[in-house]
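Written below as structure tokens is the structure these notes are about.
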There are 2 protein chains.
Amino acid sequence: MAGAPNIREVALRAGVSVGTVSNVLNRPELVAEPTRERVHAAIAELGFVRNDSARQLRVGRSRTLGLVVLDVANPFFTDVARGVEDTANQHGLAVILCNTDEDPLKEASHLDLLAEMRVQGVLINPIDTDGRIAALRDRGIPVVLFDRRGDPALECSVAVDDVLGGRLAATHLIETGHRTIQFVGGPLTLQQVQERYEGASAVVAAHDDVELTVLTTTGLNVAAGRAAGDRLAAAGRDALPSAVFCANDLVALGVLQALTHAGLRVPHDVAIVGYDDIDFAAAAAVPLSSVRQPRQQLGRTAAELLLAETTEAEHEHRQVVFEPELIVRDSSAR
Amino acid sequence: MAGAPNIREVALRAGVSVGTVSNVLNRPELVAEPTRERVHAAIAELGFVRNDSARQLRVGRSRTLGLVVLDVANPFFTDVARGVEDTANQHGLAVILCNTDEDPLKEASHLDLLAEMRVQGVLINPIDTDGRIAALRDRGIPVVLFDRRGDPALECSVAVDDVLGGRLAATHLIETGHRTIQFVGGPLTLQQVQERYEGASAVVAAHDDVELTVLTTTGLNVAAGRAAGDRLAAAGRDALPSAVFCANDLVALGVLQALTHAGLRVPHDVAIVGYDDIDFAAAAAVPLSSVRQPRQQLGRTAAELLLAETTEAEHEHRQVVFEPELIVRDSSAR
DNA sequence: CGGAAGCACTGAATCGGTTCAAAGACGGCC
DNA sequence: GGCCGTCTTTGAACCGATTCAGTGCTTCCG
């Protein structure tokens, strides 16, 4: 009796069968008005709460959805998460947020857990597309990639054209007169980082007099950016690039802090362009130029694709690609 | 056969009973080496993944823990979440992150869902301590309050001394010569906001020549801060307070943006002190003075208290209170 | 040689909802 | 009165892993 009355006790109290109680909960339109009221009264009196694992066991799937991100502390991902949550909640689903810290082992263990939970689906910004994602799919759990393009034969994905984003940033820097550009970000195994670099690289290749170098970081956070900034500053004024293009805004903020700390002025000594256009970019010490992505929309669309895949009889995988937009602020003004 | 082999099929393939398979999974030391290997082989060949709802149903509780926060987009909460996640993962628990947006209705619906899921416990920064939290406790689900003190008879809690935080901020502003101080934050029903104001108020009361006024906001985010800043700026230069103390850093960043946009200089025209000392405070246009809280530690401690409550036979509720620390930066420099 | 103890394994009962075929109740109509 | 259709309710089977009393076997000891 103690903490957990079950559906049988409710049935007993309301003087009906368990089947009827279940119907009141799930298809109330099948139950006659007075009966329904008696059942509701019994539920209230006993403080009954449906045991979701029992329900899940019978129905075969849960009412949750997994969201696997690289770093919850990155506002880009929390904005995406907001979009996912809004859409999921509208459909009565809860979101399980998993943080991988760019660590394949953590990613793997989170995916295992989500598989055991029989989530309805997984939204993931994968680190490496190893077998584990395929394994999920084989088990019938739909997977939607976000912030990364997938294989149209296998999965849906929602991405932003990162190559274009890289082009926008590089074009802007070249047009404002910069000739030595430093790309800062990593690890390069991350598709986002790779493609942002590629985009910049393609533009630079078309200009004989412009030079692009790469400084890889071990992560995409403020600390990594600060470390990179320190290295740039330590190399001496002569070795300084005239502009830095960072793989995301956190790195850019870190670089900005380190350079400022070393007595260099942004954008006078070095210009900076970031990526993501998180809200804090505009509020930075030197307002940051950045490549904007439709963050919440990314999340909403990803969740919608997942829901479509679970409900549609004949599902065709879709690859949605949004266009990024360059926002120019003080950090790269001439 | 398709997507989901169960424990029976594994048993069949390995030539053992289901009980043995279960033992291999849960208490491998009870099973002889060669048998264990055969079972593992069968699991691998079939790609078997344990159905967690069946396990939960039998065992009675899940391996998850609910974390209910006011706003995932606030770095303060993501830092707390990191702490919670670290500790939870170490103990094999997954974290379900719920966002309430300071909306009691959303809070209630999330708590209902967590109750249905039979989570091991709930960590919450509550909006209003209405009956729903008590209802959870009655059902045997431990609740730990964080960033807020609780009733020692009922629950554990982890908080930071917000009254002290308010005192620190106000004392600092008074000592640097400010005589008209504006408190910005809200809603005042939030205990944090209330107490930060109280602390400041107590200090001001001891100084006849200092005036403290309140501008309440509807939320604790950048947009609310910006709106408040606009109102301050619109009131005209003469009506301006000489310093603003904000209930958190997001509000402070919003106020900073609005004031700067209106052509006012910080700290020359108006000084600003925030609260939380999120990472972005130091990187702001004018580096923000702020009252620092041990964010990750708050999360870790909260999770530990919860785990203690679920494992200890005789549990005594504890109220942990950390001390905040004032970090002075440019925004309140004289 | 008998009995006890230890070990590895078995298999049925169990957790608590959901589902669906079937039964029951009632009214309308010929 | 008998038949049919509609609406409501019933109750047992079922989902899949866990658990524990119990079986069969071996070893040890007096």
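Naming convention: chains lettered A, B, ... in sequence-line order (proteins, then strands); numbering from 1 in each chain.
One interatomic measurement links the two molecules: CZ of A:Arg58 to P of C:dT19, which rounds to 7 Å at whole-angstrom precision. At whole-Å resolution of the value, CG in A:Asp52 and P in C:dC15 are 19 Å apart. In this structure, the CZ atom of A:Arg50 is 17 Å from the C1' atom of C:dC15, given to the nearest Å. Between B:Leu57 atom CG and C:dT14 atom P there is a gap of 13 Å when expressed in whole angstrom units. Remark: C1' of C:dC15 and CZ of B:Arg61 are 14 Å apart, rounded to the nearest angstrom. The CG-P distance, from A:Asn6 to C:dC15, rounds to 9 Å in whole Å. Spacing between atom CD1 of A:Ile7 and atom C1' of C:dG17 amounts to 5 Å, rounded to whole angstrom units.
Computed from C1' positions of five pairs at each end, the angle between the two local axes of the helix from C:dC1-D:dG30 to C:dC30-D:dG1 equals 60°, rounded to 10 degrees.
As judged by a 4.0 angstrom heavy-atom cut-off over every strand, A:Arg8 is placed among the base-contacting residues.
Put simply, the side chain of B:Thr301 gets close to the backbone of B:Gln297: a donor and an acceptor are under 3.5 Å apart. Of the possible polar contacts, one joining the B:Thr100 side chain to the B:Val69 backbone as a donor-acceptor pair under 3.5 Å is found. Put simply, the side chain of A:Asp112 never gets that close to the backbone of A:Ala115: no donor and acceptor are under 3.5 Å apart. In this structure a side-chain-to-backbone donor-acceptor pair under 3.5 Å is missing from B:Arg300 to B:Gly83. Side chain of B:Glu37 to backbone of B:Glu33: no donor-acceptor contact under 3.5 angstrom is found.
Scanning DNA chain D 5' to 3' for nucleotides with an atom closer than 4.0 angstrom to a non-hydrogen atom of chain B gives a first and last hit of D:dG16 to D:dT19.
Shown here are the side-chain contact (heavy atoms from CB on, under 4.5 Å) partners of B:Pro28, two or more places apart in sequence or in another chain: B:Arg36. Every side-chain contact (heavy atoms from CB on, under 4.5 Å) that B:Glu312 has, sequence neighbours left out, goes to B:Ala308, B:His315, B:Arg318.
Heavy-atom distances under 4.0 Å link DNA chain C to B:Val31, B:Ala32, B:Thr35 of residues 26-43 of chain B, given in residue order.
Counting only N and O atoms by type, the side chains of B:Gln319 and B:Ser157 include a donor and acceptor under 3.5 Å apart. Residues A:Asn125 and A:Gln192 bring a donor and an acceptor atom of their side chains to less than 3.5 Å of each other.
Within 6.0 Å of CZ in B:Arg149 there are 12 or fewer heavy atoms belonging to other residues, nucleotides or ligands.
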Protein N or O to nucleotides 10-12 of chain C N or O, pairs below 3.5 Å:
residue : atom : partner : partner atom : Å
C:dT10  : OP2  : B:Ser17 : N            : 2.7
C:dT10  : OP2  : B:Ser17 : OG           : 3.1
C:dT10  : OP2  : B:Thr20 : OG1          : 2.7

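Tested against B:Leu67, the residues B:Val122, B:Ile96, B:Val84 include a single side chain to side chain contact (heavy atoms under 4.5 Å, CB included) partner, B:Val84.
Using a 4.0 Å cut-off between charged side-chain N and carboxylate O, B:Asp101 and A:Arg82 make a salt bridge. In this structure, B:Arg63 pairs ionically with B:Asp52, as a charged nitrogen and a carboxylate oxygen lie closer than 4.0 Å.
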